[in-house]
Amino acid sequence: MRSSANQVVCPPFRHAHRRWLVCVLLLFAATVNYMDRQVIGILKPDLAREFGWADERIYAGIVFSFQLAYAIGLLMAGRLIDKIGLRIGFTFFIVLWSLAAAGHGLAHHLPDIHLPALVISDKFGLAFITLSGAAAGFAIMRFLLGLGEAGNFPASIKTVAEWFPVRERALAAGILIAGTNFGALAAPLAVPWLTINFGWEWAFIATGAVGFVLAAWWWFAYRPPAEHPGVSPDELDYIRSDPPQPEVRVKWRRLFRHRQTWAFSFGKFMTDPIWWMYLFWVPDFLHREHGLDLKSIGLPLIVIYVMADVGSVAGGWLSSQLIKSGWTPNRSRKTAMLAAALCVLPIILAAHTSNLWVAVGLVGLAASAHQGWSANLLTLPTDMYPRPAVGSVVGIGGMAGSIGGMVLSLLVGEVLQRTGSYEILWYLAALAYPLALLIIHLLVPRLEPASFANLHETPNGISR
């Protein structure tokens, strides 16, 4: 709806709700996605004891297989979703990751096979170790899980771009990112109970089964705004209230020519791995440094991810409020990202405290800051690219983040094998965000839109 002064105003409340219901659906998707992803991290000490994974590099190799597949999946996920549409594309990825998540419960029953796993050698080169038995089975399931889960964020961010005007996108992204924390919260609530009462296999099977509920909900509920029967003309006008963008069909490889793509990708490459470390290794940190087991680890993890929930929403809210107060998206996004980067710095103290709850608070603050950072980082493609290209750009950035995660997983395994301490790793976490923000600012000092001025009209839009 527009006022007489031709200014965009929010539609009446009774007409304004549908896009936020879509946001709730995205939140649920992120919750299921991260719950499935987090199960193995919680069970790591128990699985390592049961299957004899004394070498830290075995678990690192299993984590590496997920991140390798996630990188490959993101390479194709954004483009596939851009091509076949959100409804079909997202449903496919949800079903794939749900099958793989449940399949972890059968991983140790797979035929005895041997898989190579990349590690850092004693001379700081690269070498291979062999994963066999249950370790190989888990690596296969993690690989399939990574391929499926790669579709989540390209689909979600493309949905945000379709359903929300610029002024609300960071807040919407913050809400859906909160789902990652809900998933990380649900896992320590459900996994210990399921494991103690039914065995670790059912922890994987039960959590994986929730994904099929999500797939059915998405398939029957999702439609684009213009086709959705629940969207009023007022709300549709509000969703489309930004200046019109050309219907651009951009060849995927052309996105690499733009520094906007590289800015987003560097941000993901440097900071996504830190979140992977929280997910896959914080339970081990609490077990190793503070003696927590499966029965006692739930509450500390819940505290960490409740704090992360607050950060995801607060980070998106901050930049959205700054934009509404008249700041440019560039200044608003980067101010919120700077605040998040500064809040990560105290994590360097986590390795130097013997108090459990001080350590939990420091890790929780850093996790909260990361989610606030991500709420803004994930909106940058929507600020700099036309809607049809957003899914592909997010996929490229996610691939870069996964490559960074692959590198960090090798480093974590080697550091823990050599030192048994997380101190070096927390220093890396503290420095990653300020450096990433500096690189982003140097590449896109004003968040200017990517230029496609040399494209020409085609019957299907604009192409080279």
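Basis for what follows: all heavy atoms, side chains included, without hydrogens, waters or symmetry-related copies.
The backbone N or O of F280 lies less than 3.5 Å from no partner atom in the side chain of D284, so there is not a single donor-acceptor pair. Proximity of a side-chain donor or acceptor of T271 to a complementary backbone N or O of G267 within less than 3.5 Å is detected. When atom types are taken as modelled, the side chain of R259 and the backbone of L443 share a donor-acceptor pair closer than 3.5 angstrom. At least one donor-acceptor pair under 3.5 Å links the side chain of R169 to the backbone N or O of T382. At distances below 3.5 Å, at least one donor-acceptor pair connects side-chain atoms of S312 with backbone N or O atoms of D309. Counting only distance, with no hydrogens or angles, the side chain of S265 and the backbone of W262 share no donor-acceptor pair below 3.5 Å. The backbone N or O of M384 lies less than 3.5 Å from no partner atom in the side chain of Q260, so there is not a single donor-acceptor pair.
With a 4.5 Å cut-off on side-chain heavy atoms, F204 and L106 do not count as touching. Looking at L214 and V210, their side chains never come closer than 4.5 Å, going by heavy atoms from C-beta outward. Using a 4.5 Å heavy-atom cutoff, the side chains of I403 and F269 are in contact. Here the side chains of L431 and V344 are not in contact, with every heavy-atom distance at 4.5 Å or above. Counting heavy atoms from C-beta outward, L378 and F264 have side chains that approach closer than 4.5 Å. Put simply, the side chain of L408 reaches to within 4.5 Å of the side chain of L411, judged on heavy atoms. Counting heavy atoms from C-beta outward, L144 and L99 have side chains that stay 4.5 Å or more apart. Side-chain contact between T159 and F90 is absent, with no heavy-atom pair separated by less than 4.5 Å.
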Between I440 and L377, is the side chain to side chain contact (heavy atoms under 4.5 Å, CB included) condition met? List the steps.
CA-CA 10 Å; I440 290 170; L377 180 63; 3.9 Å; yes
Are L86 and I81 close enough, and set up right, to give a side chain to side chain contact (heavy atoms under 4.5 Å, CB included), and what steps lead you there?
CA-CA 6 Å; L86 280 162; I81 291 168; 3.7 Å; yes
Does the pair I113 and L110 meet the rule for a side chain to side chain contact (heavy atoms under 4.5 Å, CB included), with working shown?
CA-CA 8 Å; I113 56 176; L110 294 179; 5.8 Å; no
Evaluate V22 against F164 for side chain to side chain contact (heavy atoms under 4.5 Å, CB included), listing each step before the verdict.
CA-CA 10 Å; V22 171; F164 290 87; 5.5 Å; no
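R418 contributes atom CZ, which lies 8.5 Å from atom CZ of R57 (distance to the nearest 0.5 angstrom). In this structure, CD1 in I40 is found 12.0 Å from CG in L279, a value given to the nearest 0.5 Å. In this structure, the separation between CZ on F212 and OG on S98 is 5.0 Å, given to the nearest 0.5 Å. Remark: L438 CG to L338 CG distance equals 11.0 Å, nearest 0.5 Å. Interatomic distance, CD1 of I175 versus SG of C23, reported as 4.5 Å (0.5 Å rounding). A distance of 5.0 Å separates CG of L255 from OG1 of T261, quoted to the nearest 0.5 Å.
Taking the ring centroids of W276 and F66, they lie under the 6.0 Å cut-off. In summary, the aromatic rings of Y59 and W281 are positioned with their centroids under 6.0 Å apart. The aromatic ring centroids of Y433 and H370 lie less than 6.0 Å from each other. Taking the six-membered ring for Trp, W218 and F92 have ring centres at least 6.0 Å apart.
Every pair passing salt bridge (Lys or Arg N to Asp or Glu O under 4.0 Å) that includes a residue from residues 270-280 is listed here, sequence neighbours excluded: K268-D272. The side chain to side chain donor-acceptor pair (under 3.5 Å) analysis of residues 140-154, with sequence neighbours excluded, yields the pairs R37-E149, H104-R142. Listed by first then second residue, pairs satisfying salt bridge (Lys or Arg N to Asp or Glu O under 4.0 Å) with a partner in residues 312-334 read R333-D383, not counting sequence neighbours. Contacts classified as side chain to side chain donor-acceptor pair (under 3.5 Å) and involving residues 87-96 (residues at least two apart or in different chains) are not found.
Residues G211 and V32 come closest through the heavy atom pair CA-CG1, 3.8 Å. Contact between P381 and V394 at its shortest, heavy atoms only, is CG-CG2, 4.0 Å. Between A60 and G413, the shortest heavy-atom distance links the atoms CB-CA, 3.9 Å. Smallest separation of non-hydrogen atoms from I42 and P188: CD1-N, 3.4 Å. Residues V363 and F285 approach most closely at CG2-CE2, 4.4 Å, considering heavy atoms. In terms of heavy atoms, Q371 sits closest to A308 at CB-O, 3.6 Å.
Residue I424 places its CD1 atom among 12 or fewer non-hydrogen atoms of other residues, nucleotides or ligands, all under 6.0 Å distant. By the 6.0 Å contact criterion, OH on Y222 is enclosed, its count of non-hydrogen atoms from other residues, nucleotides or ligands being greater than 12.
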Give the table of side-chain donor-acceptor pairs shorter than 3.5 Å for residues 67-75, with sequence neighbours excluded, one pair per line with atom names and distance.
residue	atom	partner	partner atom	Å
Q67	OE1	S409	OG	3.3
Q67	NE2	G405	O	3.4

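Under the rule for a salt bridge (charged side-chain N to carboxylate O under 4.0 Å, His left out), E162 has no partner lying at least two apart in sequence or in another chain.
Taking the six-membered ring where tryptophan is involved, the planes of Y278 and W426 are tilted, since the angle between them lies from 30° to 60°. Under the 30°/60° scheme for interplanar angles, the aromatic rings of Y305 and W275 are found to stand perpendicular.
Of the residues L147, N33, L80, the one that meets the side chain to side chain contact (heavy atoms under 4.5 Å, CB included) test with F93 is L80.
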